[in-house]
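Throughout, residue positions are numbered sequentially from 1 according to the sequence presented. No experiment lies behind these values; they were computed from the predicted model shown.
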Amino acid sequence: MIEMITDPRSLITLISFITFAGILWWTYVGHKPADFKQAEMIPFADGDIGQPASEGVDKEVRHG
C-alpha cells in the first residue's frame, strides 16, 4: 500500500524540481541585462515604458 503512495509522491517531487529549475533558467539565462534595465524603470513610468513621470501635475484627480 505504501508503494502506491510513494511512487506518485516521487514523481510530483521530480516534476516540481524540474519546474523550479526551469523558472530559474528562464529568469536568469533567458533575459538580457537591457531587459532588466527597462523593467526597473516601470514604477517611475508615466504612460510609455522608459518615459519619466511628467512633472507639474496641477491637481490630484479624485474619483468617487
Closest approach of Glu40 to Lys37 (non-hydrogen atoms, all atoms of both residues): CG-O, 3.2 Å
Go through the structure and list residues passing side chain to side chain contact (heavy atoms under 4.5 Å, CB included) with Ile15, not counting sequence neighbours. Leu11, Thr19
Just jot down the side chain to side chain contact (heavy atoms under 4.5 Å, CB included) partners of Ile18, sequence neighbours excluded, or say none. Leu14
Phe20 and Tyr28: same hydrophobic cluster, using ILVMFWY side-chain contacts below 4.5 Å? yes
Considering only Ile, Leu, Val, Met, Phe, Trp and Tyr, and joining two whenever side-chain heavy atoms are under 4.5 Å apart, list the other residues clustered with Ile12. none
